[in-house]
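Remember, it's a predicted structure, so these values are computed and weren't measured experimentally. In what follows, every chain begins at residue 1, and chains take the letters A, B, ... in the order their sequences are listed.
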Amino acid sequence: MYNFREIENKWQKKWYEEATFKVEMDKNKEKYYVLVEFPYPSGTGLHVGHARVYSASDVLARYKKSKGFNVLFPMGWDAFGAPAEQYAIKNHIYPREAVEENIKVFKGQMQSLGLSIDWSREYSTTDPEYYKWTQWQFLQFYKAGLAYKDEKEINWCPKCKMGLSNEDAQGGVCERCGTKTTKKLKNQWLLRMSDYAEKLLAGLDDTNFFDKVKLAQINWIGKSVGASVIFKLKDTDDVIEVFTTRCDTLFGATYMVLSPEHKYLDKYRDLIKNIKEVDEYREYAKSKSDIERTDITKEKTGVEIDGLRAIHPITGEELPIWISDYVLASYGTGAVMGVPAHDERDYEFATKFGIKIIPVIDGGDISKEAYTGDGLHINSDFLDGLDKETAILKMTKYLEDNNIGDSKVNYRLQDWIFSRQRFWGEPIPMIHCDKCGWVPVPEEELPVLLPDVESYEPTDTGESPLANVPEWVNTTCPHCGGKAERETDTMPNWAGSSWYWLRYMDPHNDKKLADMDKLKYWGKVDLYDGGMEHATRHLLYARFWNIFLHEQGIVPNSEPFDTRISHGMILGSNGEKMSKSKGNVVNPNDMVRDYGADALRVYEMFIGDYTKDAAWNENGLKGCKKFLDRVYRTKDKLNDSLEYTKDMENLIHKTIKKVGYDIEHLAYNTAVSSLMILINEYDKHDTVSRADYRLLLQLLNPFAPHMTEELNEICNLGDAFSESVWPEYDESKTIDDMLEIGVQVNGKLRATITVAKDSSKELLESEAMKQDNVKKNIEGKDIVKTIVVPNRIVNIVVK
RNA sequence: GCCAGCCUGGCGGAAUGGUAGACGCGGUGGACUCAAAAUCCACUAUCAGUGAUGAUGUGAGGGUUCAAGUCCCUUGGCUGGUACCA
């Protein structure tokens with residue numbers, strides 16, 4: 001219909017060359033910061049799902065700009081990490097080159113969508129100028145005592161030969177390759193994120209995240225309020241401390257369970273008479289992957305420790321001690337008290353091994369299952385007759401008074417395993433000296449550059465490939481000047497993305513990670529858009545990191561993001577997730593080629609609720625192209641008027657109001673729909689005014705920026721939209737003078753009447769009664785009452 | 001298992017408790033054309049009826065209300081997250 005390719009190229013070139021969307025700090029203007037998760041530049045390029053997200057952010061950015069905001073809409077590349085390394089290994093090129101290649105493709109794709117990104121702020125996390133500051137921030141963690149090295153049982157992916165954080169090994173499988181993870185004892189760098197559990201929870205109140213995002217974070221942090229209880233270990237000076245949320249059931253505790261990794265098993269080897277059997281069980285537990293271990297459908301297993309007994313802290317009774325893998329070393333104290341009557345897992349265990357079951361709460365049938373509900377306590381001495389809540393309070397007090405326990409809070413959140421045995425990551429800037437121990441690289445020596453090497457494939461020993469580069473590893477101790485070695489582990493690829501939004505504010509600063517004045521001006525990200533898959537990991541890491549920087553006085557706000565939304569996915573036309581293997585991937589390049597970027601953008605905004613998934617349908621895209629063609633053709637029927645056409649004025653004002661409201665509320669689909677309604681109205685007229693046309697183009701501009709700018713220019717309608725202000729609407733003109741309202745009889749629609757706005761109840765009622773079909777339906781019946789809601793409805797209730 | 005979200009025409013989807021199905025796709029019929037494409041017009045939830053109209057209808061079953069897709073209870077299914085977390 002029109003040459004979209006030529007038009008789009010023209011404007012994209014102009015925007016890029018003239019840096020139309022470059023922004024600078026301007027304290028006279030209110031800022032607005034739109035952030036989309038920066039992409040991982042993989043070898044496959046963007047698909048239409050990405051295009052939807054970038055288009056939506058661009059609509060908002062362009063709209064906010066025309067509303068007078070100083071809009072920061074940046075883009076960069078999250079390019080460290082295993083996938084880039086694997087891509088490089090597979091294609092036999094250096095990771096650095098692979099990344100550069102992929103970035104070129106991604107950037108080209110983004111530019112072909114006509115995004116209003118300020119490209120002067122572009123960077124990659126793999127740029128030494130950037131990772132210098134990632135390393136610098138690691139040193140701040142270290143200096144604050146929040147980075148430490150520890151021999152830890154970690155999640156280990158045998159295929160990737162790499163340690164994984166809990167977040168990366170969800171469900172007991174490797175996030176990257178899906179292989180079942182095993183445990184491996186390794187010396188690793190960790191960040192004390194668990195110390196920040198409470199701050200991460202509390203900080204959520206200071207955000208406007210989507211509720212489901214907040215909830216995902218709350219669940220991941222997993223705060224649980226309870227008490228610790230101390231049991232004496234018979235014939236020793238040691239105690240077994242357990243964590244429980246149900247200290248009120250203490251009188252029902254009939255045994256103890258230690259996790260197979262518990263330290264007492266080594267410490268008291270000599271007291272354990274069946275040590276061989278115990279060792280065998282520990283070996284068996286170790287050999288199992290997390291996923292097997294935590295499969296709740298499997299039967300409980302365990303071994304009673306012959307030779308160790310615990311003393312019940314109140315009754316003084318001796319309790320048997322078992323080991324079982326249903327108790328996790330990583331949660332609580334790695335030991336539990338077994339209360340089979342009121343805990344499902346304990347019940348299952350006790351019934352299998354014939355352990356005594358004492359009910360301490362009235363209710364349920366203990367011969368069938370554990371009773372986990374509330375009820376009055378029995379068999380519980382001073383708790384008898386109390387309900388759960390009261391009993392917990394009383395027991396906690398008793399534990400404290402008698403020094404056998406304490407109220408306690410436990411979190412599921414653990415420290416962040418920060419080491420990766422990989423080449424393609426930020427080197428951890430630490431040096432090990434036999435004399436001085438771990439010594440940080442002096443800040444003025446940053447960045448610690450990745451060396452150019454021949455082989456960056458993972459080693460079989462589980463060590464980083466960097467360990468094979470002696471000229472890089474061997475160095476001198478910054479402290480004593482003696483012989484020393486560099487840390488060969490690198491950071492996880494979550495590191496670079498844990499502060500990237502800060503760098504956009506001042507991307508080329510070589511003195512600081514960013515200037516404080518600029519950090520203060522741009523402040524928090526106003527709207528942060530990303531996938532639900534990052535609602536726990538990335539978002540928690542980023543918040544943790546930012547809270548820490550704030551405490552160090554490096555950034556002005558504790559919370560980095562104001563509103564966090566999560567977009568839906570674009571599914572294939574078969575309704576399934578787009579993937580190469582299913583052959584349902586749609587490439588935005590093809591769509592831009594066949595229909596134009598404007599049409600693609602409009603369709604992706606029109607496809608459905610932005611926060612929900614939607615299936616791709618190329619016919620829908622064709623429909624949007626048709627809509628744009630109609631907008632384009634309208635240029636041939638302009639009259640000379642510079643005012644809105646009288647009989648369309650109302651609709652125009654309504655549309656201005658609706659499109660603005662919808663963009664601010666992420667209701668892009670209904671915004672597009674109201675523009676379609678507007679063009680439908682224009683089409684009914686033989687001519688439209690220049691004002692009508694300019695208005696339509698302006699409202700459509702955030703969605704279809706190229707053709708609207710072009711039409712505006714060739715029709716000579718006014719300033720370029722990239723520099724103009726969003727139109728105002730007149731509230732009084734958004735209201736119709738005449739309304740059509742429904743008349744119901746017994747709640748069923750029987751007629752509609754057209755009346756003046758704000759007609760009186762009396763008039764509405766009498767008009768309603770005049771309708772033939774209403775008369776027919778109330779004939780011979782008694783009118784019980786008549787409900788008249790002005791401007792809305794008339795409902796006549798008859799019997 | 002637990003937590004969250006979702007379920008509306010043939011399809012994608014609209015609906016501050018107030019005329020369910022806006023808008024788009026698809027479909028049917030027509031105009032234009034030698035013909036096709038493009039474009040334009042009309043119709044298009046289902047059933048009955050030429051029609052006026054009537055009945056049914058937002059996963060299912062109850063309830064609140066003059067009025068329920070929307071609020072409450074019960075329940076089914078789908079999707080996502082998470083899981084021996086003591």
Would you indicate what [X] reaches in the nucleic acid, counting non-hydrogen atoms under 4.0 angstrom: base, sugar-phosphate, or nothing?
X	answer
N410(A)	nothing
V797(A)	sugar-phosphate
N777(A)	sugar-phosphate
K748(A)	sugar-phosphate

What's the [atom1]-[atom2] distance between [X] and [N], to the nearest Å?
X	N	atom1	atom2	value
R345(A)	C2(B)	CZ	C1'	12 Å
M569(A)	G5(B)	CE	C1'	13 Å
I607(A)	A14(B)	CD1	P	12 Å
Y347(A)	G1(B)	OH	P	20 Å
L540(A)	G81(B)	CG	C1'	14 Å

In whole angstrom, give me the gap between the C1' atoms of A45(B) and G9(B).
-> 4 Å
Does one side chain, of S55(A) or Y668(A), offer a donor that lies under 3.5 Å from an acceptor on the other?
->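 Checked: S55(A)/Y668(A) side chains show no N/O donor-acceptor pair below 3.5 Å.
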If we ignore angles and hydrogens, is there a donor and acceptor under 3.5 Å between the side chains of D346(A) and Y326(A)?
->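 Yes, a side-chain donor-acceptor pair sits under 3.5 Å.
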Nucleic acid footprint by protein, nucleotides 17-28 of chain B - heavy-atom cut-off 4.0 Å, B for base, S for sugar-phosphate alone = -BB--BBSSS--
Kindly give the heavy-atom pair with the smallest separation between N669(A) and D609(A), and that separation in Å.
->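 Looking at all heavy atoms of both residues, the closest pair is ND2-N, 3.6 Å.
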What closest approach, in Å, do V225(A) and F243(A) show between heavy atoms, and which atom pair accounts for it?
->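 Result for this residue pair: C-CZ, 4.3 Å.
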Assess the pair Y281(A) and Y284(A): is the distance between their ring centroids shorter than 6.0 Å?
-> yes
Please determine if a side-chain N or O atom of [X] lies less than 4.0 Å away from the OP1 or OP2 oxygen of [N].
X	N	result
R412(A)	A86(B)	no
R633(A)	C40(B)	yes
R750(A)	A55(B)	yes

Between F349(A) and Y255(A), how do the two ring planes meet: parallel, tilted or perpendicular, split at 30° and 60°?
->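 Rings of F349(A) and Y255(A): parallel, as their planes differ by under 30°.
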Which parts of residues 754-773 of chain A get close to RNA chain B, meaning a heavy atom less than 4.0 angstrom away?
-> N773(A)
Which nucleotide sits closest to the side chain of K785(A): C66(B), C85(B), A83(B)?
->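 Selected nucleotide (nearest to the side chain): C66(B).
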Looking only at side-chain atoms of L215(A), point me to the closest of A4(B), C85(B), C40(B).
-> A4(B)
Positive for salt bridge (charged side-chain N to carboxylate O under 4.0 Å, His left out) with D629(A), one of K626(A), K625(A), R633(A) = K625(A)
Under a 3.5 Å cut-off on both pairing distances, which runs of 3 or more consecutive Watson-Crick or G-U pairs involve RNA chain B?
-> B:1-7 with B:76-82, B:10-12 with B:23-25, B:26-31 with B:39-44, B:45-48 with B:53-56, B:59-63 with B:71-75
Which glycosidic conformation, syn or anti, is assigned to G9(B) if syn requires a torsion within 90° of zero?
->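 Chi for G9(B) falls in the syn range.
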